[in-house]
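Here the structure comes first, spelled out in structure tokens, and everything after it is commentary.
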Amino acid sequence: MSEENSILGLVTIAPEIIEGMNKDVKSITDFKEIIEVYIAQNTTELLDVLLYGAIHLGASDIHFEPQEDKVRLRIRLDGNLQDIAFFKKDIYHNILNRLKLISKIKLNITDKPQDGRFTIETAEALIEMRTSSLPSEYGESVVMRILDAKNLKNIESLGLRKDIYDIFVKEIKRPNGMIVVTGPTGSGKTTTLYAFLMKIQNPEIKIITIEDPIEYHIKGISQTQASPEKGYGFAEGLKSIVRQDPDVILVGEIRDLETAKIALQASLTGHLVLSTLHTNDSAGTVPRLIDLGAGASSVAPALKMVIAQRLVRKVCRECSKLTQPSAEQLKEIKTGLKNLSKEVQIPDLDKIQIAKISEKGCTVCSFTGYKGRTGLYEVFLVDSEMEKFILSNPPVSDIKELAIKNGMVTIWQSGLIEVALGITTLEEVKKVVGEDE
């Protein structure tokens, strides 16, 4: 990589590195072995190999964690962190300086958090990297988020059940109203929202987003970057966006009352507004907005659909096997899935086989027993009955009870359906969702 490219924040991965990694790295074990070789040689290509290897394996994040006498390197695969290597601090010092340079982070500041970003250029694509440095006890900890455009999915590629797909397609075609996606960090909220935008995008409508940061660039959509430190936050951006005559507005996150009020008002005045909010489940969105200070009289008519989502790992198709569920497992699945709406298609529970992962795993799944992830969704719709109910400021438990009565499938039930289909395991659903939320 040239010095000029470093200053421009562009890392060009050499073709021979790409070719070698594509040929030799078939599993996380291969990656670990190659990294150890480069660490031993302490070559200038170490960072390039590390970056491309993580991308090649499909990692979402790279973690550098300084410890007392060494630095720990981990990557996040399918939501779980995996150890890659430990190396000396002098090697990390060189890596850190180069990362700061290409990320446009100040080299001389070590006692304050800093954020930056850079771009990796490969033969196939440009990949955005988001860098975060944080002072820790034994030096600066760095985490890089990999924003690979190939992870963008259209709505047909999300792996949705037919009942959920039909609801999504119907609701996102509304001319106005608010759609909110909730879930913890890393649960796929942005992926879902972008899938919605790509589905409804056409030359006859104008779509504008305000994000912090812009994670993926989509052709034909006006995307703007929030900069709170410069006085241009979500609320300020939304005020300007509404004056740009949009049909659809995406707000990266509703964090405060002013943003909530403007978003709700926009949804009531002829705009379709998409956003995210941090709540534990879909029904919790209503009290959360009201707690922020938005009145129930605004929330009830504006809110049209809330989606709570989580990501669970799928079993590895190479080394897992299907087996008869135990009596206890079958009882748990049947109990959880009783009284489902007839529109929700599930297999005959008396004939199901559930997936059992291999304890040792295989090279395909990096010896974890799981490969890839799929979404679990809880879809809360606001119809006329729910709208009137919200006006009475009910507690979240009552909102959830009415939603279930009206046919809502909970995240727990969505997980059980995936278990019954042999896509994931009961243990994985309990780990991600908890039991019978």
Side-chain angles (χ1 to χ4, degrees), residues 27-28 57-61 63 65 74-84 143 145 151 158-161 164 181-192 276 278-284 307-337 346-347 349 352-362 364-379 400 408-437:
S27 70
I28 197 168
L57 286 172
S60 60
D61 303 88
H63 292 238
E65 302 165 348
R74 299 197 283 176
I75 64 173
R76 190 177 292 279
L77 279 174
D78 293 334
N80 284 24
L81 284 168
Q82 305 267 358
D83 276 327
I84 300 299
V143 175
R145 168 63 56 91
N151 294 329
L158 290 178
L160 302 171
R161 291 197 316 269
I164 295 178
V181 183
T182 76
T185 302
S187 60
K189 298 187 296 295
T190 301
T191 300
T192 299
T276 70
H278 281 287
T279 62
N280 290 328
D281 56 16
S282 57
I307 304 155
Q309 70 177 74
R310 304 286 190 277
L311 292 176
V312 291
R313 292 178 296 169
K314 298 189 289 185
V315 298
C316 175
R317 290 299 170 195
E318 291 296 319
C319 63
S320 67
K321 61 182 181 180
L322 293 175
T323 183
Q324 292 295 122
S326 68
E328 185 180 342
Q329 289 172 327
L330 186 58
K331 180 182 178 183
E332 190 166 13
I333 293 170
K334 282 186 171 182
T335 301
L337 294 181
I346 63 173
L349 298 182
I352 62 169
Q353 289 188 312
I354 62 173
K356 181 178 177 61
I357 65 169
S358 166
E359 291 182 8
K360 295 181 179 178
C362 65
V364 172
C365 61
S366 297
F367 309 103
T368 62
Y370 295 92
K371 180 68 176 177
R373 290 191 289 176
T374 190
L376 304 181
Y377 303 90
E378 177 179 281
V379 185
K400 185 171 183 176
M408 183 180 81
V409 179
T410 67
I411 284 190
W412 168 247
Q413 291 174 320
S414 291
L416 292 180
I417 293 171
E418 298 299 300
V419 173
L421 291 169
I423 292 169
T424 190
T425 63
L426 204 51
E427 293 76 19
E428 176 69 4
V429 172
K430 289 178 179 179
K431 175 186 171 185
V432 173
V433 178
E435 295 190 45
D436 197 12
E437 276 201 344

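As the structure is a prediction and not an experimental result, all values here were calculated from the model.
Annotation: side chain of V432 is not in contact with side chain of L376 (no heavy-atom distance under 4.5 Å). When side chains are defined from C-beta on, R74 does not count as touching Q82, because their heavy atoms never get closer than 4.5 Å. Looking only at side-chain heavy atoms (C-beta outward), D61 and R145 come within less than 4.5 Å of each other. A 4.5 Å side-chain heavy-atom check between C319 and V364 finds every atom pair outside the cut-off. The shortest side-chain heavy-atom distance between L330 and I352 falls under the 4.5 Å cut-off.
Taking K334 as the reference, D350 meet the salt bridge (Lys or Arg N to Asp or Glu O under 4.0 Å) condition, with sequence neighbours excluded. Partners of R373 under the side-chain contact (heavy atoms from CB on, under 4.5 Å) rule, at least two apart in sequence or in another chain, are D78, L311, R313.
Put simply, NE2 on H63 and CD1 on I84 are 11.5 Å apart, with the number rounded to the nearest 0.5 Å. Annotation: the span from L421 atom CG to Q353 atom CD amounts to 13.0 Å, rounded to 0.5 Å. Interatomic distance, CD1 of I75 versus OG of S60, reported as 9.0 Å (0.5 Å rounding). The line from OG of S282 to NZ of K400 is 7.5 Å long, rounded to the nearest 0.5 Å. Rounding to the nearest 0.5 Å places CG of L416 at 11.5 Å from CD of Q329. The structure places OG1 of T182 at 6.5 Å from CZ of R310, a figure rounded to the nearest 0.5 Å.
Within a 6.0 Å sphere centred on NZ of K356, heavy atoms belonging to other residues, nucleotides or ligands number 12 at most.
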Original post:
Would I357 and E428 count as a side chain to side chain contact (heavy atoms under 4.5 Å, CB included) if you check the C-alpha gap in whole Å, the side-chain angles of each, and the deciding distance to 0.1 Å?
Top reply: CA-CA 11 Å; I357 65 169; E428 176 69 4; over 6 Å; no

**OP:** Determine, stepwise, if the pair T276 / T190 fulfils side chain to side chain contact (heavy atoms under 4.5 Å, CB included).
**Re:** CA-CA 8 Å; T276 70; T190 301; 5.7 Å; no

Subject >> Test log, rule side chain to side chain contact (heavy atoms under 4.5 Å, CB included), inputs T191 and L158 >> reply: CA-CA 9 Å; T191 300; L158 290 178; 4.0 Å; yes

**OP:** Report the C-alpha separation of N80 and Y370 in whole Å, then their side-chain angles, then the decisive distance to 0.1 Å, and conclude whether the side chain to side chain contact (heavy atoms under 4.5 Å, CB included) test is met.
**Re:** CA-CA 11 Å; N80 284 24; Y370 295 92; over 6 Å; no

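Each of V419, I417, I411 was checked for a side-chain contact (heavy atoms from CB on, under 4.5 Å) with V429, and the lone residue meeting it is V419. Here the rule is side-chain contact (heavy atoms from CB on, under 4.5 Å) with I354, and of T425, L426, I333 only I333 fits it.
Between the side chain of S366 and the backbone N or O of I28 there is at least one donor-acceptor pair closer than 3.5 Å.
When all heavy atoms are compared, the tightest approach of Y377 to S414 is O-OG, 2.7 Å. Residues T279 and G284 approach most closely at CG2-O, 3.7 Å, considering heavy atoms. The two residues G159 and T374 make their nearest non-hydrogen contact at O-OG1, 4.4 Å. G183 approaches H278 most closely through the heavy-atom pair O-ND1, 3.5 Å. Nearest heavy-atom pair across T424 and G415 is CG2-O, 4.4 Å. Considering every non-hydrogen atom in both T192 and Q309, the closest pair reads OG1-OE1, 2.7 Å.
Sorted pairs that involve residues 317-328 and meet salt bridge (Lys or Arg N to Asp or Glu O under 4.0 Å), not counting sequence neighbours, are lacking altogether.
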